[in-house]
Engineer: 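Take this structure, written in C-alpha cells, and hold onto it; I'll ask about it next.
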Amino acid sequence: MSVFSSFGVNASGMTAERYRLDIISENIANANTTRTEEGTPYRRKIVTFAEKNVDATKFGTYFERARHGYSGDGVKVTGVHEDKTTDLIKVYDPAHPDADEDGYVLYPNVNTVIEMTNMIDATRAYEANATAFEASKNIVQRGLEIGRS
C-alpha cells in the first residue's frame with residue numbers, strides 16, 4: 001500500500017463515519033415520532049459498512065490476501081436498515097392522538113443512551129481517520145522536504 005492510497009482509505013473512513021453520524025442524528029431527532037408518512041411509528045435505523053472493492057464470495061480474494069499480504073481500499077456504506085429486532089415501546093396514554101382503542105401509544109425503538117454511545121463511537125472513529133490522514137500528509141510533506149535538499 002502506498003502512502004497516497006492511504007489518503008483514500010482514510011477519506012473513505014471519514015465519509016462513512018460522517019454518514020453514520022447523520023443517521024444517528026436522525027434517530028435521536030425522531031425518538032418521539034409516533035407517526036411517519038406510512039402511519040407507523042419511526043423505527044431506528046442502522047448503518048452497515050463493508051470493505052471497498054472486495055468480492056467476499058470468491059475464495060480467490062482471500063487467497064490473494066494471504067499470498068501477497070493485506071492492503072485495503074477503504075470502507076463503504078452498504079446500506080441503512082431499519083432495526084426490526086428491537087420492539088417498539090408501548091406506553092399508556094389515552095389522551096394521545098395516536099393511541100389505540102386500549103389507550104396505548106407505540107413509540108419508536110430509539111434509546112437515546114444507546115444512540116449517544118454510538119455517536120461517541122462514530123466521532124472517535126472519525127477522529128482516528130482524520131489523525132491517520134494527517135499523519136500520511138506529514139509523511140508526504142517530509143518526503144518532499146528531503147527531496148528538495
Side-chain angles (χ1 to χ4, degrees), residues 1-91 93 96 98 104-149:
M1 174 192 281
S2 74
V3 155
F4 296 107
S5 65
S6 69
F7 290 136
V9 172
N10 297 326
S12 72
M14 288 189 289
T15 302
E17 292 300 340
R18 181 194 47 80
Y19 186 73
R20 183 175 167 212
L21 282 167
D22 290 344
I23 297 300
I24 292 168
S25 298
E26 180 182 328
N27 288 341
I28 292 170
N30 287 295
N32 293 317
T33 304
T34 58
R35 189 181 336 166
T36 61
E37 291 177 358
E38 294 83 29
T40 59
Y42 178 83
R43 282 202 172 266
R44 176 178 181 255
K45 294 180 182 170
I46 302 169
V47 179
T48 55
F49 299 146
E51 185 179 350
K52 269 186 176 179
N53 302 327
V54 173
D55 185 2
T57 61
K58 295 184 179 178
F59 173 74
T61 302
Y62 297 105
F63 180 70
E64 286 300 315
R65 280 189 188 167
R67 195 165 154 244
H68 296 293
Y70 177 82
S71 66
D73 288 328
V75 67
K76 64 181 176 182
V77 174
T78 57
V80 177
H81 311 284
E82 286 187 349
D83 181 4
K84 302 276 187 183
T85 59
T86 309
D87 294 330
L88 296 172
I89 301 166
K90 199 173 191 178
V91 176
D93 186 4
H96 195 283
D98 291 326
Y104 287 97
V105 180
L106 286 177
Y107 280 92
N109 57 347
V110 176
N111 182 334
T112 308
V113 174
I114 290 173
E115 296 303 322
M116 293 302 290
T117 304
N118 289 340
M119 186 176 281
I120 291 168
D121 179 51
T123 303
R124 297 285 188 249
Y126 184 93
E127 290 171 354
N129 279 294
T131 301
F133 189 92
E134 190 66 30
S136 297
K137 186 178 89 173
N138 288 337
I139 290 170
V140 170
Q141 284 179 333
R142 297 283 170 125
L144 291 172
E145 288 172 8
I146 290 171
R148 263 192 280 185
S149 317

Engineer: Is there side-chain contact between Leu88 and Tyr107, with at least one heavy-atom pair below 4.5 Å?
Structural biologist: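 No. Closest side-chain heavy atoms not under 4.5 Å.
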Engineer: Any chance you could measure Thr85, atom OG1, to Arg43, atom CZ, to the nearest 0.5 Å?
Structural biologist: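 Reported to 0.5 Å precision, the distance equals 9.0 Å.
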Engineer: Specify the closest pair of heavy atoms between Lys76 and Glu51, including all atoms of both residues, with the distance to one decimal.
Structural biologist: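 Residues Lys76 and Glu51, closest heavy atoms: CE-O, 3.8 Å.
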Engineer: When rounded to the nearest 0.5 angstrom, what is the spacing between CD1 in Ile139 and CD in Glu134?
Structural biologist: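 CD of Glu134 is found 11.0 Å from CD1 of Ile139.
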Engineer: Could you tell me whether the side chains of Asp83 and Thr86 share a donor-acceptor contact shorter than 3.5 Å?
Structural biologist: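 Result is yes, a qualifying pair exists.
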Engineer: For Val105 versus Thr34, what's the shortest heavy-atom pair and its separation?
Structural biologist: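 Nearest pair, atom of Val105 first, then Thr34: CG1-CG2, 3.7 Å.
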Engineer: Evaluate the criterion side chain to side chain contact (heavy atoms under 4.5 Å, CB included) for residue pair Ile89 and Asn109; output intermediate values, then yes/no.
Structural biologist: CA-CA 6 Å; Ile89 301 166; Asn109 57 347; 5.6 Å; no
Engineer: Can you list the steps and then say if Val77 with Val47 is a side chain to side chain contact (heavy atoms under 4.5 Å, CB included)?
Structural biologist: CA-CA 7 Å; Val77 174; Val47 179; 3.8 Å; yes
Engineer: Does a side-chain heavy-atom distance below 4.5 Å link Glu26 with Lys45?
Structural biologist: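 When only atoms from C-beta onward are counted, Lys45 and Glu26 do touch, with a gap below 4.5 Å.
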Engineer: CG/Asn129 to CZ/Arg124 distance, rounded to the nearest 0.5 angstrom?
Structural biologist: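 Between atom CG of Asn129 and atom CZ of Arg124 there are 14.0 Å.
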Engineer: Please find the pair of heavy atoms, one from Gly74 and one from Val9, that lie closest to each other, and give the distance.
Structural biologist: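 The answer is N-CG2, 3.8 Å.
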Engineer: Considering only NZ, NE, NH1 and NH2 on the basic side and carboxylate oxygens on the acidic side, decide whether Asp98 and Arg35 come within less than 4.0 Å.
Structural biologist: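 Looking at Asp98 and Arg35, the cut-off is met.
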Engineer: Locate the shortest heavy-atom distance separating Ile28 from Met119; write the atom from each residue and the value.
Structural biologist: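 In this case the closest contact between Ile28 and Met119 is CD1-CE, 3.8 Å.
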Engineer: About how many Å separate NE2 of His96 and CG of Leu106, when rounded to the nearest 0.5 Å?
Structural biologist: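 Here the interatomic distance stands at 10.5 Å.
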Engineer: Between Glu115 and Arg44, is there a side-chain N and carboxylate O pair less than 4.0 Å apart?
Structural biologist: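 Judged by the 4.0 Å cut-off on N to carboxylate O distance, Glu115 and Arg44 do form a salt bridge.
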Engineer: Strictly distance-based, threshold 3.5 Å: is any side-chain N or O of Ser136 a donor or acceptor partner for the main-chain N or O of Phe7?
Structural biologist: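 Answer holds: no.
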Engineer: Looking only at heavy atoms, what is the nearest atom pair of Pro41 and Pro108, with distance?
Structural biologist: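 Smallest interatomic distance, heavy atoms only, reads CB-N, 4.4 Å.
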Engineer: Are there over 12 heavy-atom neighbours, none belonging to Tyr19, within less than 6.0 Å of that residue's OH?
Structural biologist: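 Not buried by this count: 12 neighbours or fewer within 6.0 Å.
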Engineer: Within a strict 4.5 Å, meaning less than it, do heavy atoms of the Val75 and Lys52 side chains meet?
Structural biologist: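 No, side chains not in contact.
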Engineer: Is it true that Glu38 and Thr40 share a donor-acceptor pair across their side chains at a distance under 3.5 Å?
Structural biologist: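 The answer is no; no qualifying pair exists.
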Engineer: Does the side chain of Ile24 come within less than 4.5 Å of Arg20's, by heavy atoms?
Structural biologist: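 Of all side-chain heavy-atom pairs linking Ile24 with Arg20, at least one is under 4.5 Å.
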Engineer: Would you please say whether a donor-acceptor pair under 3.5 Å links the side chains of Asn27 and Tyr42?
Structural biologist: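 Note: Asn27 and Tyr42 side chains meet the donor-acceptor criterion.
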Engineer: Can you see whether Ser12 engages Asn10 through a side-chain donor-acceptor pair at a distance of less than 3.5 angstrom?
Structural biologist: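 On atom types as modelled, these side chains do not qualify, holding no pair under 3.5 Å.
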Engineer: In Å and rounded to the nearest 0.5 Å, what is the CG to CD1 distance from Asp121 to Ile114?
Structural biologist: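 It is 13.0 Å, given to the nearest 0.5 Å.
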